[in-house]
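Taking it in order: structure first as C-alpha cells, then the write-up.
Read the numbers this way: they start at 1 and go in the same order the structure lists the ligands and their atoms.
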Amino acid sequence: MALCKGILLLTSFSSLALGQATNYKANAEASLDALQTFYNTSSGLWNTCGWWNGANCMTAVADLAAADSSVLTTAETVFSTTFSNAPAYNPSTQVFKESRPGFVETIYGHPAQKVVQANDPSVWLDSCYDDNGWWALGWIAAYDLTQNADYLSTAEGIFANMSAAWPSSCNNGGILWCSTSTYVNAIANELFLSVAAHLANRVTDQTAYYLDWAQREWAWFQSVKMINGAGVIVDGLNSACTGDPGATVWSYNQGVVLGGLVELAAADSGNASSYLASANSIANAAITNLTDSNGIIHDVCEVNESCGPDGTQFKGIFMRNLLKLHQASPSDTYKQLFETNAQSIWNNDRDDSNRLSLNWAGPFVQPANASTHSSAMDAIIAAMVVG
Ligand SMILES: *[C@@H]1O[C@H](CO)[C@@H](O)[C@H](O)[C@H]1NC(C)=O
Ligand SMILES: *[C@@H]1O[C@H](CO)[C@@H](O)[C@H](O)[C@H]1NC(C)=O
Ligand SMILES: *[C@@H]1O[C@H](CO)[C@@H](O)[C@H](O)[C@H]1NC(C)=O
Ligand SMILES: *[C@@H]1O[C@H](CO)[C@@H](O)[C@H](O)[C@H]1NC(C)=O
Ligand SMILES: *[C@@H]1O[C@H](CO)[C@@H](O)[C@H](O)[C@H]1NC(C)=O
Ligand SMILES: *[C@@H]1O[C@H](CO)[C@@H](O)[C@H](O)[C@H]1NC(C)=O
C-alpha cells in the first residue's frame, strides 16, 4: 500500500510539472520578458551577446510576435529602437572568425560609437558575410510584421554586399565566410540562399533577379558536396573545394538551409517538391545526428563547454528554421521534437528569473546570457506555434 501511494504521488507531481512545461504560450511570453532584461535601449542590442547574435535575438522577438499578437507592440518598439540605435555600435570591419573542430569564435574589435544614417544598409555590414546575412533575415522578419519598407530595403542593401562577394574560388560560385578569411563555409552560403529566396518572395519587381541567385546558390551548394554521405551538412569546404567529411556538424548549419529551401519552394513552385524533399532529408538526418536518447538536441561543443558566445545560439536557429519547414511540410517527428525540447528546457534548464541556459537537457548553468536564452526561446516558440 505504501508503495502504491508513493507511485501515485510521484505521478501527480510529474504531471503538474508537465502541465506547466506544456503551457508554451505563457512560457514563450515569460521568455520574452526575460530576454528583454538584457535589452539595452541605448545600443538597441542585447547586453551579454555579440553583434550577430543580436540579429538572432531580434528575429526570435519577431517570430513570437508573428504568432502572438499580445507582444506585437513590444516587437515594434524593439525594431524601431534597434533600427535607429544599433548601427552606432556595429563593430564594423574589425571582425575576425576562427574555426577549428568543435569550436567557432567571432572576435570583435572595439566598436567606437559612430554617427550613422539608419536607412543606409551599409551600417549593418561587417567583413563577415554570415553576420550580414543574419541582419538581413532579421529585417525581413521585422518587415513581415510591420510592412515597413525601410526594413525590406535594408535587407536588399545587405544582400547586395553578399552577392558582390560571389564567386568564391571554389567551383565558380558560392561566397567566402568573411572577406578577411579564405574559408568557404556552409553558413554564409545558406544565409545567401535564404536571404535571396526571401527577397524573391517579397520584392515584387525583382522576383526573377533574387530567384536566380537563390537557384544558383542551391545548385552550387549541392555541387561542392556541402551535404555529406550521411545527409547532414558539414561546416565547410576543405582546400580541395569539397565538403570536408571530418568537419563539425553544427545544428545551425542544418537549420538555415531549411528556411531557405522553404522560401525557394514558394518562389519556384514548379520545383517545390524537390526543394521540400531535400529539406526533409536534411532535417531528418540532422535530428538523428543531433538528438540524445531522450530526443534533446545538442551541439558537440556542449560536452566540454567550448561553445563560446557563438555556438551557444546555434540550436535555436535550427528549431526556428525547422518550424518553417514544418509549416510547409508538416511532420509528427518535428512537432514532437519541438514539444520534447520545449518541455525539457522549461523543466531542467531554467532559473528563478526564467532565464534559459545552454544545455536543454539541463542542468541550468549560470550565467545564462542573451545568446543561450534567445536560442532556447526559439524552441519554446516552435512548440507554441505547433501546439
Ligand atoms: C548599453 O550598451 C552600451 C554599449 O555597449 C554600454 O556602454 C552601456 O553601459 C549599456 N547600458 C546598460 C544600461 O547596460
Ligand atoms: C561587404 O561589406 C564589408 C563591410 O563594409 C566589406 O568589408 C566587404 O568588403 C564588402 N564586400 C564586398 C564584396 O563588397
Ligand atoms: C527548376 O529549377 C531549375 C534550376 O534549378 C530551373 O532551370 C527551372 O526553370 C525550374 N523549373 C521550374 C518549373 O520552375
Ligand atoms: C554526426 O555526423 C557526423 C558527420 O557525418 C559524424 O561524424 C558523427 O558521428 C555524427 N554523430 C552522430 C551522433 O550521429
Ligand atoms: C573541446 O573539444 C574540441 C574538440 O576535441 C577541442 O578542439 C577544443 O579545444 C576543446 N575545448 C576546450 C575548452 O576544452
Ligand atoms: C554565454 O554563456 C555561455 C555559457 O553558457 C558562454 O559560453 C558564452 O561565452 C557566454 N556569452 C558571452 C558573450 O559571454
CH2 on W46 to OG1 on T37, rounded to 0.5 Å:
12.0 Å
Indicate, with yes or no, if the rings of F338 and Y24 have centres closer together than 6.0 Å.
no
re atom 1 (C) of ligand 1, the protein heavy-atom contact at minimum distance is N40 ND2, 1.4 Å
Contact atoms of ligand 2, heavy-atom distance to A164 under 4.0 Å:
13 (C)
For L290, which part has a heavy atom under 4.0 Å from ligand 4: side chain, backbone, both, or neither?
neither
Report yes if N161 has an N/O atom closer than 3.5 Å to an N/O atom of ligand 2; otherwise report no.
yes
Under 4.0 Å from atom 5 (O) of ligand 4, is there at least one protein heavy atom?
yes
Is the shortest distance from atom 12 (C) of ligand 1 to a protein heavy atom below 4.0 Å?
yes
Number the atoms of ligand 2 from 1 as they appear, then name those within less than 4.0 Å of a heavy atom of L125, with their elements.
2 (O), 4 (C)
For A21 and N347, work out which heavy atoms get closest and say how close.
CB-OD1, 3.5 Å
Does ligand 2 come near enough to S127 that some N or O of the ligand is less than 3.5 Å from an N or O of the residue?
no
Region of L45 that comes within reach of ligand 1 [heavy atoms, distance under 4.0 Å]:
neither
May I ask you to check if ligand 1 and N47 share an N or O to N or O distance below 3.5 Å?
yes
State the atoms of ligand 1, each with its element, that fall below the 4.0 Å cut-off from a heavy-atom position in Y89.
4 (C)
Test item: protein heavy atom less than 4.0 Å from atom 9 (O) of ligand 1
no
Whether the side chain of Q254 engages the backbone of W250 through a donor-acceptor N/O pair (distance < 3.5 Å, no angle test) should be reported.
yes
Minimum heavy-atom separation for T312 to S371, with atom names?
OG1-OG, 2.6 Å
Can you see whether F38 has R355 sitting over its ring - NZ or CZ less than 6.0 Å from the centre and within 45° of the normal?
yes
Ring-plane angle category for F221 and W218, please: parallel below 30°, perpendicular beyond 60°, tilted otherwise.
parallel
Which of the listed options, N289, T288, N228, holds the heavy atom that is closest to atom 3 (C) of ligand 4?
N289
Under 4.0 Å from a heavy atom of A165: which atoms of ligand 2 are those, numbered in the order shown and with their elements?
13 (C)
Among W166, W220, Y129, which residue satisfies the ring-ring contact (aromatic ring centres under 6.0 Å, His included) criterion with F192?
W166
Minimum heavy-atom separation for K315 and H298, please, with both atom names.
CD-CA, 3.8 Å
Answer yes if the side chains of N161 and S122 hold a donor-acceptor pair under 3.5 Å, and no otherwise.
no
Heavy-atom contacts with V249 under 4.0 Å: which atoms of ligand 4 show up? List them by number with element.
2 (O), 3 (C), 4 (C)
